[in-house]
Protein chains: 2
Amino acid sequence: MGTGQRRPTGRPRGFDADEALERALLVFWERGYEGASLANLTEAMGISTTSMYAAFGNKEELFRKALERYSEGPSAYLARALEEPTALRVATAIVAGAIRTTTRPTGPNGCLGVQGALATGDSGRAARDLLITWRGNDYSRIRDRFRRAIDDGDLPEGADPALLARYVTTLTYGIAVQAASGVHRDELQEMADAALRGWPLR
Amino acid sequence: MGTGQRRPTGRPRGFDADEALERALLVFWERGYEGASLANLTEAMGISTTSMYAAFGNKEELFRKALERYSEGPSAYLARALEEPTALRVATAIVAGAIRTTTRPTGPNGCLGVQGALATGDSGRAARDLLITWRGNDYSRIRDRFRRAIDDGDLPEGADPALLARYVTTLTYGIAVQAASGVHRDELQEMADAALRGWPLR
DNA sequence: CACGTTCTGCATCGATCGGTACAAAAATGG
DNA sequence: CCATTTTTGTACCGATCGATGCAGAACGTG
């Protein structure tokens, strides 16, 4: 009953939580989990540490929510790519999406899922493990899509979906590192086009 | 004349600087520049912070020297690979060397040149820039080797050395991320074999 | 109005960060 | 022996780390 969303009791928030999370995402993206201090984060978010802790829990939870936002925003190209009609078009769309996302003229270079926490100290271990799981999920979804492509007759019977998924993810992670090093979009796209010419790698 | 190396005046060192640097390298490799604290480093090196600073300068210099040691040790496969007689054998050796180095049963997974400092805060910016230069060097050496392969008639006239070098480095960086995620050596090698079957990417 | 609830600003917490001051220890040269 | 040079252990530096205590402000409700 009722009108659905009711205004909660108590003092209302003085900031937009979505907007603040977006700012935090950008900081994590650029500096990595360990490199992003609470001072960096709260300054970019425009709120105090108190407000951040009240709204998001702690730094680790904030990172987790930023990663979710990343999956549904900059990294949403993956879900769309998996709906392409053929395995080759799926692979092409994934790689192109990765290049576009990691080399946006505005925003950080690289991929949050890679550079967010690749090698860390003890304090970043949870974030690192989270990203390992995140990357593993992407791999599994791509592999499953390629399995379906064999059932569809789109990929030949002899094709290896796991190997092809490993190849596509390896390309995207490599692209993420190149982008973080400042390599430009056009050069990466030419390389990616060539890399998929041998599809499905015989 | 003298006997060459003369024992210097003053109290002699109580530790083996080479051995200590090797230990520091392993810590940086596993935790990254920012994730490796002085306490982590000196404990692994078996010396006090005072001795570390006297022998190596500071944390940044220690990282620089660890990277040099990495280039001449775990990453030495690159120089050997560049001496292979054909471009395909060069590419094959580079990728195989990267897989072996990033998935050693003993020692950290992944590549120091990638995960040592990919995205950092202000304190890690110098290390990050150093690794960008390091990776850029590797790319240039590979590209130059492929240029020579065209002169040798080993690669066809129409081949693009820069594109091929970008492809090989992208594969190795992607492999480094996969290895850091715990993907096993055999799976990566199968993928790499397939990835080079289309060489020179037409 | 008072009340309960939630959020905010300020001050601060103990722990850890990278880095050093200082004097004793251990070597060489006279 | 003494003087010089270099390394070592101890103790410590100010800054920053992630995180919190607390009082008051800002809302809906009765």
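Proteins come first, then strands; the chains are lettered A, B, ... in the order of their sequence lines, and each starts at number 1.
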Worksheet, complete the sentence: Hits for side chain to side chain donor-acceptor pair (under 3.5 Å) against Thr92(B), two or more places apart or cross-chain, chain-then-number order -> none
Please tabulate, for the side chains in residues 16-26 of chain B, all donor-acceptor contacts under 3.5 angstrom to protein atoms that are two or more places apart in sequence or on a different chain.
unit_1, atom_1, unit_2, atom_2, d
Asp16(B), OD1, Asp18(B), N, 2.9
Asp16(B), OD1, Glu19(B), N, 3.2
Asp18(B), OD2, Arg69(B), NH1, 3.4
Glu19(B), OE2, Arg23(B), NE, 2.8
Glu19(B), OE2, Arg23(B), NH2, 3.1
Glu22(B), OE1, Arg69(B), NE, 2.6
Glu22(B), OE1, Arg69(B), NH2, 3.2
Arg23(B), NH1, Ala44(B), O, 3.1

Worksheet entry | Neighbours of DNA chain C within residues 14-25 of chain A, by heavy-atom distance under 4.0 Å | Gly14(A), Phe15(A)
Response to the item:
ring pair (Phe, Tyr, Trp, His ring centres under 6.0 Å) pairs touching residues 49-69 of chain A, sequence neighbours excluded, are Phe28(A)-Phe63(A), Tyr33(A)-Phe63(A)
Worksheet item: Does any residue of residues 31-47 of chain A have a heavy atom under 4.0 Å from DNA chain C, and if so, which ones, in number order?
Response: none
Show me the donor-acceptor pairs within less than 3.5 Å that the side chains of residues 104-119 of chain A make with the rest of the protein, sequence neighbours left out.
unit_1, atom_1, unit_2, atom_2, d
Gln115(A), NE2, Trp29(A), O, 2.8
Gln115(A), NE2, Asn109(A), O, 2.8

Which side-chain N or O atoms in residues 192-202 of chain B pair as donor and acceptor under 3.5 Å with protein atoms at least two apart or in another chain?
unit_1, atom_1, unit_2, atom_2, d
Asp193(B), OD1, Gln189(B), NE2, 3.0
Arg197(B), NH1, Leu201(A), O, 3.4
Arg202(B), NH2, Arg197(A), O, 2.6

Dump every N/O contact between nucleotides 21-26 of chain C and the protein below 3.5 Å, one line per pair.
unit_1, atom_1, unit_2, atom_2, d
dA25(C), N3, Arg11(B), NH1, 3.2

Discussion item. Applying a 4.0 Å non-hydrogen cut-off, can you work out what Thr49(A) is touching in the nucleic acid: base, sugar-phosphate, or nothing?
Written reply: base
Worksheet item: In residues 113-129 of chain B, which ones come under 4.0 Å of DNA chain D, going by heavy atoms?
Response: none
Discussion item. Using a strict heavy-atom distance below 4.0 Å, which residues from residues 52-63 of chain B are in contact with DNA chain C?
Written reply: Tyr53(B), Asn58(B), Lys59(B)
Worksheet item: Which residue pairs pass the salt bridge (Lys or Arg N to Asp or Glu O under 4.0 Å) test when at least one of the two sits in residues 74-102 of chain B, sequence neighbours left out?
Response: Glu84(B)-Arg89(B)
Discussion item. For residues 30-54 of chain A, which residue pairs pass the salt bridge (Lys or Arg N to Asp or Glu O under 4.0 Å) check, not counting sequence neighbours?
Written reply: Arg31(A)-Asp122(B)
